[in-house]
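One structure below.
Because only heavy atoms are used, hydrogens play no part in the values below, and waters and symmetry mates are left out as well, while side chains stay in. The chains referred to below are lettered A, B, ... by the order of the sequence lines, with proteins before strands, and numbering in each begins at 1.
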There are 2 protein chains.
Amino acid sequence: MNTLAFALLSFLARRSMSGYDLMLAIQPLWQAKHSQIYPTLSKLEAEGHVDFERVLQHDKPDKKVYSITPKGTEALQAWLHEPSSDPNIRDEMLLKAYSLWLGDHDAARRLLEERIAYFRKRLQRLEGILDDVQTEHHSELDVPDILSPVFTRVKLLERAITTARLELDWCYEFLKQIEQSAKKPR
Amino acid sequence: MNTLAFALLSFLARRSMSGYDLMLAIQPLWQAKHSQIYPTLSKLEAEGHVDFERVLQHDKPDKKVYSITPKGTEALQAWLHEPSSDPNIRDEMLLKAYSLWLGDHDAARRLLEERIAYFRKRLQRLEGILDDVQTEHHSELDVPDILSPVFTRVKLLERAITTARLELDWCYEFLKQIEQSAKKPR
DNA sequence: ATGGTCATGTAATTCGTTACATGATTAT
DNA sequence: ATAATCATGTAACGAATTACATGACCAT
C-alpha cells in the first residue's frame, strides 16, 4: 500500500463516499487525479480494506459508494505508528523567484501577482470551510480532544490558513521591493 | 524540458558545478536523486543548453564541471515569463495528523516529535547559511535589488526560515494540546 | 450549441525512487 | 574493519500526469 491508498482510507474512515467525492475531498491534503484514484480503490477493494455499494441515481450517473472495512481501519491505525517520510514541496514559482535576477521587473511582478491571486482564492475557501466546521461543532471544540475527528480536522484547517497568510505576506513584501527596485535608477 | 531541467539551469546560471554538486545544492528547492540528475544533464548538453569540462582530481574521483551556455540562459529567461503550475505539497505527516483521532496519544506524540526534530535541524542549517550570505554580502543587501542574485537568494532563505519556524510553532502547540488531551479523564 | 458538473474507467507517457554497479579516499 | 564522502552512471520499478473514452444532465 502506498501513501495514496492510506490517504483514501483516511477519508473513508470519516465517511463513506464515491471515488469522485474522494477525488475532490483529497486535494488539499494529497493531490491525485481520478485516473490514479479509481485503480487504487479497486486494489483496496481486492485486498479487503474497503468495500462498496452501487448507488443508482436518476438525475446523475450511478456511483459506487465506498466504505472502509475493519481490516482497512486496522491498516490505517498501524500506519499511524510508522515513521513518516520528509515533507516534499515542489513549487515552480520558488524556482523562478530564485532566477529572477536574470529577468526583468515585469516578469517578477507577474510571477508574484499570479501567486497572490492563487493564495487569495485558497484563503477564502479555507476560511469558509473553517467557519462552517466551527459553527457546526462549536461545543466540541472548547477543550482539545485529539480523539475527535473534528478537532484534528480543525487543526489542519488552521494550519493551512496560517501558511496561506504567510505566503501572501511574503509575496506582498517581495512585490513591494520589486517596485522599489524598478524605480531606482541604475 | 521539464521543471528539473530548469532547476538545474537555475543553479548553473549562478556558478558552474558538477552533477554531484548540483544534486546537493538543488535539494532545498527541488528534490531529485542523482539518478535523475545525471541523465537530465546529458539531455541538456545534447540540446546545447549546457556544456562541460572534465576536471581531473588526484585525491578524489574526476568530475565533469557543467556550465550554462548562452542558449541555456535564454531558455531560462524565457521560462521566467511562463505561468507557473500550482505548488504541490506532499506531506505524509499531515495525512497522519488528519487521522490521529483513530490513534492513541502515544502515536500522536511520536508523530509530532519526529517532525519537530526534522524542522529544528533544518532551521539551524538555514539560519547558518543565511548568516554566511549576509556577512559575506552585507553591503549589497541594504537596498532591494531584484537583479542581484544575492538578493533573490536571501529572499528565498528568509522565506524558508519563516515557514520552518511556523511549522515548528504549529507542532509545539499541537503537542501541548495532545498532552492536555491525554491528561483529561474520558 | 457550448461548457461545466457528475461519474467511472483505461492507455500511454513521463517523472521519480530504489536498486545495481564501481572505485578511491578519509575518518572512526 | 566499517562507514561516509566524492563521483558518475544504468536498470527496474512504481507513482503521477495526460490523453483517450463515454454519457447524461443543467445552465447560459
Side-chain angles (χ1 to χ4, degrees), chain A residues 1-9 11-12 16-27 29-47 50-66 83-92 95 125, chain B residues 1-8 11-12 16-27 29-47 50-66 83-92 95:
Chain A
M1 283 218 286
N2 57 21
T3 310
L4 175 60
F6 287 112
L8 294 173
L9 290 182
F11 281 85
L12 291 176
S16 299
M17 49 180 143
S18 68
Y20 189 83
D21 292 336
L22 278 164
M23 185 255 298
L24 295 175
I26 211 178
Q27 294 310 324
L29 271 175
W30 199 265
Q31 22 291 135
K33 314 275 168 183
H34 72 275
S35 55
Q36 207 184 355
I37 289 171
Y38 291 125
T40 307
L41 279 171
S42 296
K43 263 181 221 163
L44 283 170
E45 199 260 338
E47 296 159 354
V50 302
D51 55 19
F52 69 89
E53 206 187 343
R54 206 173 279 276
V55 174
L56 306 168
Q57 295 178 123
H58 37 281
D59 51 334
K60 294 181 213 167
D62 300 348
K63 61 179 173 180
K64 290 170 157 186
V65 174
Y66 284 88
S84 313
S85 56
D86 291 345
N88 197 321
I89 295 170
R90 281 165 195 280
D91 193 340
E92 256 182 43
L95 223 40
R125 207 166 358 100
Chain B
M1 284 217 284
N2 58 22
T3 310
L4 175 60
F6 287 112
L8 295 172
F11 281 84
L12 291 177
S16 299
M17 49 181 145
S18 68
Y20 190 84
D21 292 335
L22 277 165
M23 186 254 300
L24 296 175
I26 211 178
Q27 294 311 322
L29 271 176
W30 200 266
Q31 19 296 132
K33 315 274 167 180
H34 72 276
S35 54
Q36 208 183 354
I37 288 170
Y38 291 124
T40 306
L41 279 171
S42 296
K43 264 182 220 164
L44 282 169
E45 198 260 335
E47 296 159 353
V50 302
D51 54 19
F52 69 88
E53 206 188 345
R54 206 173 279 276
V55 174
L56 306 167
Q57 296 178 122
H58 36 280
D59 50 335
K60 294 180 212 168
D62 300 348
K63 60 180 175 179
K64 290 170 160 186
V65 173
Y66 285 88
S84 313
S85 55
D86 291 344
N88 196 319
I89 297 170
R90 285 168 191 278
D91 192 341
E92 255 182 45
L95 224 41

Decide side chain to side chain contact (heavy atoms under 4.5 Å, CB included) for A/I89 and B/N88; before the verdict, give the C-alpha distance in whole Å, the side-chain angles of both, and the deciding distance to 0.1 Å.
CA-CA 6 Å; A/I89 295 170; B/N88 196 319; over 6 Å; no
Would B/M17 and B/Y66 satisfy side chain to side chain contact (heavy atoms under 4.5 Å, CB included), going step by step from the backbone distance to the final call?
CA-CA 5 Å; B/M17 49 181 145; B/Y66 285 88; over 6 Å; no
Next on the checklist: With side chain to side chain contact (heavy atoms under 4.5 Å, CB included) as the criterion, how do B/D91 and A/W30 come out once you've worked through the C-alpha distance, each side chain's angles and the decisive distance to 0.1 Å?
Outcome noted: CA-CA 8 Å; B/D91 192 341; A/W30 199 265; 5.9 Å; no
Apply the test side chain to side chain contact (heavy atoms under 4.5 Å, CB included) to residues B/L44 and B/M1: give CA-CA distance (whole Å), side-chain angles for both, the deciding distance (0.1 Å), then the verdict. CA-CA 8 Å; B/L44 282 169; B/M1 284 217 284; 3.5 Å; yes
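Rounded to an integer number of Å, the gap from NZ of A/K33 to C1' of C/dA12 is 16 Å. The nearest whole Å value for the distance from the CH2 atom in A/W30 to the C1' atom in D/dT17 is 15 Å. Remark: C1' of D/dG23 and CG of A/D59 are 14 Å apart, rounded to the nearest angstrom. Nucleotide C/dG16 holds its P atom 7 Å from the CG atom of B/N2, rounded to whole Å. Rounded to an integer number of Å, the gap from A/N88 CG to D/dA15 P is 14 Å. The distance between atom CZ of B/R90 and atom C1' of D/dA16, rounded to the nearest whole Å, is 7 Å. Atoms CD (B/E92) and C1' (C/dT17) sit 14 Å apart, rounded to a whole Å. The distance between atom NZ of A/K43 and atom C1' of C/dT10, rounded to the nearest whole Å, is 13 Å.
Taken over five-pair windows at either terminus, the axes of the helix from C/dA1-D/dT28 to C/dT28-D/dA1 are inclined to one another by 40° (rounded to 10 degrees).
Along DNA chain D, the nucleotide closest to A/H58 and the one closest to A/L4 are compared, and the more 5′ of them pairs with A/L4.
When side chains are defined from C-beta on, B/V50 counts as touching B/L12, because their heavy atoms get closer than 4.5 Å.
The side chain to side chain donor-acceptor pair (under 3.5 Å) check on B/T3 picks up A/E92, with sequence neighbours excluded. In terms of the side chain to side chain donor-acceptor pair (under 3.5 Å) criterion, B/S35 has no residue partners (sequence neighbours excluded). In this view, B/D21 and B/S18 satisfy the side chain to side chain donor-acceptor pair (under 3.5 Å) rule, not counting sequence neighbours.
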Would you be so kind as to tabulate the donor-acceptor pairs closer than 3.5 Å made by side chains of residues 57-65 of chain B, with sequence neighbours excluded?
residue	atom	partner	partner atom	Å
B/Q57	NE2	B/P61	O	2.6
B/D62	OD1	B/Q57	N	3.1

Using a cutoff of under 3.5 Å, can you pull out all pairs of nitrogen or oxygen atoms linking the protein to nucleotides 5-12 of chain D, with atom names and distances?
residue	atom	partner	partner atom	Å
D/dC6	OP2	B/Y20	OH	2.9
D/dA7	OP1	B/Q57	OE1	3.2
D/dA7	OP1	B/Q57	NE2	2.6
D/dT8	OP1	B/K64	N	2.8
D/dT8	OP2	B/Y20	N	2.9
D/dT8	OP2	B/Y38	OH	3.1
D/dG9	OP1	B/K64	NZ	2.5
D/dG9	O6	B/H34	NE2	2.8

